[in-house]
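Chain identifiers are assigned alphabetically (A, B, ...) following the order of the sequence lines, protein sequences preceding nucleic acid strands; residue numbering begins at 1 within each chain.
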Amino acid sequence: MRPDFHPFVIPFCAGMAFVLGYCFFGMIHILFQLPRRDRRHFLLSLVNPKTAWKNIRDIFLNCLIHVKLWKRNPLLGYMHSSIAFGWFMLILLGHVEVLLFAPGHLSKFYYPIFFNFFVAKSEETIGGAVLFFLMDFFLLVVLSGITLAIIKRVRSLWFGMRRTTRPSVLDMIGLYSLWAIFPLRLLAEGFTAHISGGSFLIIPLNWIVRGFLGNEVNMVPTWWAYSIALGVFMAVLPFTRYMHIPSEMLLIPFRNAGLCIRHPRKGFAKIQVLSCPGCGVCIDACPMSAKKANIKDTTVYLNRQIRRRNEKRIEEISDKCMMCGKCTALCQVGVDGPLIRQAQRSMRKYAVEKDYSAAVSPTPVEKAEVAYFAGCMTQLTPGISRAVESLLKKAGVEYAFIDREGGLCCGRPLMMSGRIKEARELMQKTKESILASGCKTLLLSCPICYRVFREEYELEGIEVIHHSVYFYNLVKEGRLKPTRSDIHFVYHDPCELGRGSGIYEEPRKLLRTSCYLVEAAKNREESVCCSGSLGSLTLGFADRKELTEAALRNLTSDIPDAIATACPLCRSTFRRYSDIPVSDIAEVIDSRT
Amino acid sequence: MTDFGFTRAKSSTVNLDEVDTSLYRKMLQVEPDVKRCMECGSCSAVCTAAPLSGMSVRKVIHALERGVDIAPMLSGCMLCGKCTMVCPRGINTRHLILSLERYYKEEEKA
C-alpha cells in the first residue's frame with residue numbers, strides 16, 4: 001500500500017472546495033432571489049415524481065449526452081458528449097474502483113481522482129481488469145474530444161459554426177487548463193502504470209516513458225501538474241463560461257417547474273445568464289448579424305455584459321433586439337434571450353403615465369359566430385383584410401368585422417417594450433370589445449395579435465385562430481375550392497406564428513392547394529426575421545434595410561416566382577425591397593378561388 | 001367694455017427665448033432623425049391612439065420644438081408602430097415616443 005496523502009492533491013482539493021462552496025452558496029442565493037410563490041412552486045416540483053423524472057432525464061440527455069448538439073452537428077455533439085460523458089464516467093468509475101479496492105478511503109474525495117497514484121496493483125485489483133480497461137477507454141474518449149476542441153478553435157466551420165465568440169482572458173485560462181487536464185492525466189498515469197496497473201492505453205505509454213527515462217523522478221511532478229491543472233480549472237470556473245456546467249443542472253429543474261423570468265438579473269434570469277456556454281450559436285442565428293456591426297448585440301454578448309454588470313451595454317443590447325426568438329430556438333441550453341431583454345426593458349421608469357380609460361373599442365353592430373379582428377398592422381395593409389373578407393364570403397361564413405372602423409391595439413407591442421402594466425390595462429379594454437361581440441371563434445390575420453390573444457387574454461369559450469389555419473380548415477371541409485396555378489411560391493415563416501406559436505404546417509398545406517411551394521434556405525424554426533419587427537426599440541429604418549435584404553436573399557435561394565407570408569408586417573417590410581411580388585397567404589388563396 | 005358677442009383669441013405666439021426646449025434638444029441627441037420630419041401627417045392619419053388622446057407624432061414634434069407640453073397626447077399611445085411603418089422619412093417614431101416618455105421633465109425630477 002502506498003501513502004494515503006501526498007501534498008500534490010492540495011491544488012485539486014482547494015479548487016474543488018472552492019467551486020463546490022461557490023455553487024452551493026450561489027444556489028441558495030438564487031433560490032432566495034425567487035419570489036416566494038415561485039420558490040414554493042419550484043420546491044414542490046422537485047418532489048413531484050413526474051417532474052423529478054423529467055429533470056433527471058433532461059439533465060442526463062442535455063448535460064452529459066448533449067442530444068441537441070448531436071442533432072445540430074454530429075461532430076459538435078461528439079466533441080461535447082465525449083468530454084462531458086467521458087469525464088463523468090472517469091469520475092464514476094474512479095469511485096467504483098475505490099469502493100471495490102480501497103473502501104476505507106471513500107471519505108477522501110481526492111482518492112477516486114488520483115486512484116492510480118495511491119493504490120498499487122495487487123492480487124485484489126487484478127480482478128478489476130474490466131474497470132481498468134474502461135478507465136483507459138473513457139480517457140481515450142475524452143482525449144479525442146479535447147483534440148476535436150483544439151481543432152474547433154481553428155476550423156469552426158467543420159463543426160457547423162460560421163462565427164464563434166471571442167473568449168475573454170479568463171475564458172482562455174479556463175480553456176487551456178481544461179485542455180491540459182487530460183493529457184496530463186494520461187502522462188501521470190503512464191508514469192505510474194507499472195505500479196498501479198492499467199490497461200491498453202497507459203501500460204504501453206509506461207513502457208515508452210520508462211524506456212526513455214528509466215527512472216521515477218518524473219512521476220510526482222506530472223501528478224503535481226495534473227492536480228494543478230484541475231485546481232486552476234476549478235478556481236476560474238465560476239468566472240468563466242464553464243460556469244454553465246453546474247448552472248445548467250439548476251436551470252433544467254427551474255424550467256421544468258415552469259418558472260418565468262420576473263427580474264432581468266435575479267433568480268431564473270440569473271441562472272439563465274450563468275448557463276450560457278458562450279458557444280455563439282446565437283451569433284449565426286441572429287438576423288441582425290447580417291450586419292457585422294451588430295454581432296456584439298447577440299444574446300451571448302448580452303449574457304456576458306450582464307455578468308460584467310456593464311449597464312450601458314446591457315441597455316443598448318436589450319433595446320436593439322427584434323425579439324424574433326431565433327436565438328432561443330437554436331440555443332442548446334435554452335437561454336431565453338428575448339425574455340431577459342423584455343424583463344430588462346420593464347425595469348425602466350417612464351415619466352409619462354399611460355391612460356387608456358377613455359378608450360372605447362367599437363363593437364360591431366352585427367353579431368356572428370365568427371369575429372374577425374384585423375389588428376393595427378392589417379389595417380395598414382387593407383389588401384389582406386379585403387382578401388380575408390372575400391374568402392369568408394366565398395365560403396359562406398357569417399362573420400362580424402370587429403375593428404372595421406378602427407380599434408385598439410392588442411397590447412403585444414407594449415409588452416415587448418417592457419410595459420407590462422400598461423399592456424394589461426389595454427388588453428382589458430380590447431378583451432371587453434371581443435367579449436361584447438359574442439363570438440365563438442376569433443379570427444386573426446396578424447400573428448402578433450394571434451400570439452398575445454392566445455397566451456395572455458384567457459378568452460374562455462372562444463377559439464382563437466389564425467387565418468392561415470382557419471382557411472386551411474375551410475379548404476379541408478370543401479367550403480373553399482382553390483385552383484392550382486403554375487406559380488412557385490416560397491413561404492416565409494413569420495416569427496410570431498412559427499417560433500412564437502408553433503404553426504408551420506397549415507400555411508404550407510394551404511399554399512400547396514393553389515400553387516407550387518419551394519422552401520427557403522433557412523425555414524421553419526430557423527426562419528430569418530423580416531426585420532420589420534416591433535420588438536426592436538432602437539433599430540432605425542436605415543439599419544433595417546440591410547437586414548431585410550439578407551432575409552430576402554435567404555428566402556429567394558431557390559428562385560421562387562413570388563413570396564407568400566402570413567403576417568401583414570412581414571408583407572409590408574418585404575414589399576419595400578423585394579424584386580418579386582410579396583403577398584399574404586389570404587391574398588394568394590383569394591386570387592385562386 | 002361693450003360686449004360685441006365675441007372676444008379676441010388668446011395669443012398663440014410662442015416666445016422661443018422663454019419656452020423650455022430642453023426636451024427637444026435632448027431628442028436631437030437620442031433620435032436626431034426627428035429633424036427630418038416634413039410634417040406630412042402620415043403618422044397622424046394611421047394613429048390608433050388619435051381618437052383617444054389626440055395623439056399625432058407630427059403634432060408632438062411640432063409641440064416639442066415650441067416647448068409645449070406633450071404628455072396629454074403621449075398618454076394614449078399604444079406603441080403599435082404604425083407611424084414608424086408609414087413614415088416616408090424613415091424616422092424611428094416609436095423610439096422617439098419612448099425616449100420622450102423616458103426623458104420627460106427629467107431635470108425637474110433630478
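Proximity of the aromatic rings of A:F401 and A:F373 is defined here by a centroid distance below 6.0 angstrom, and this criterion is not met.
Looking at A:S417 and B:R94, their side chains do bring a donor and an acceptor atom within 3.5 Å of each other. Using modelled atom types and a 3.5 Å distance limit, the side chains of A:T548 and A:R544 yield no donor-acceptor pair. Between the side chains of A:T378 and A:S385, no donor-acceptor pair of N or O atoms lies under 3.5 Å.
Of the listed residues B:M78, B:R89, B:H95, the one with more heavy-atom pairs under 4.5 angstrom with chain A than any other is B:M78. For the options A:L569, A:L539, A:L537, A:T573, heavy-atom pairs under 4.5 Å to chain B are most numerous at A:L537. Residue with the most contacts toward chain A among B:C80, B:A71, B:S99: B:C80 (heavy-atom pairs, distance under 4.5 Å). Comparing B:I70, B:V46, B:L98 by heavy-atom pairs within less than 4.5 Å of chain A, the highest count is held by B:L98. Most heavy-atom pairs under 4.5 Å with chain B: of the set A:C409, A:G411, A:P413, A:C376, this distinction falls to A:C376.
For a residue to count as touching a neighbouring chain, one of its non-hydrogen atoms must lie under 4.5 Å from one of that chain's; by this rule A:R576 touches chain B with the side chain only. Interface residue A:S536: only backbone heavy atoms are found under 4.5 Å from chain B. Only the side chain of A:Q379 has a heavy atom closer than 4.5 Å to any heavy atom of chain B. Contacts between A:R419 and chain B at a heavy-atom distance below 4.5 Å involve the side chain alone, from C-beta outward.
A:D319 and A:R348 are joined by a salt bridge, as a carboxylate oxygen and a charged side-chain nitrogen come within less than 4.0 angstrom of each other. At a threshold of 4.0 Å, the pair A:R571-A:D584 does not count as salt-bridged, since none of the basic side-chain nitrogens sits closer than that to a carboxylate oxygen.
Checking side-chain atoms of A:K354 against main-chain N and O of B:L74 turns up a donor-acceptor pair under 3.5 Å.
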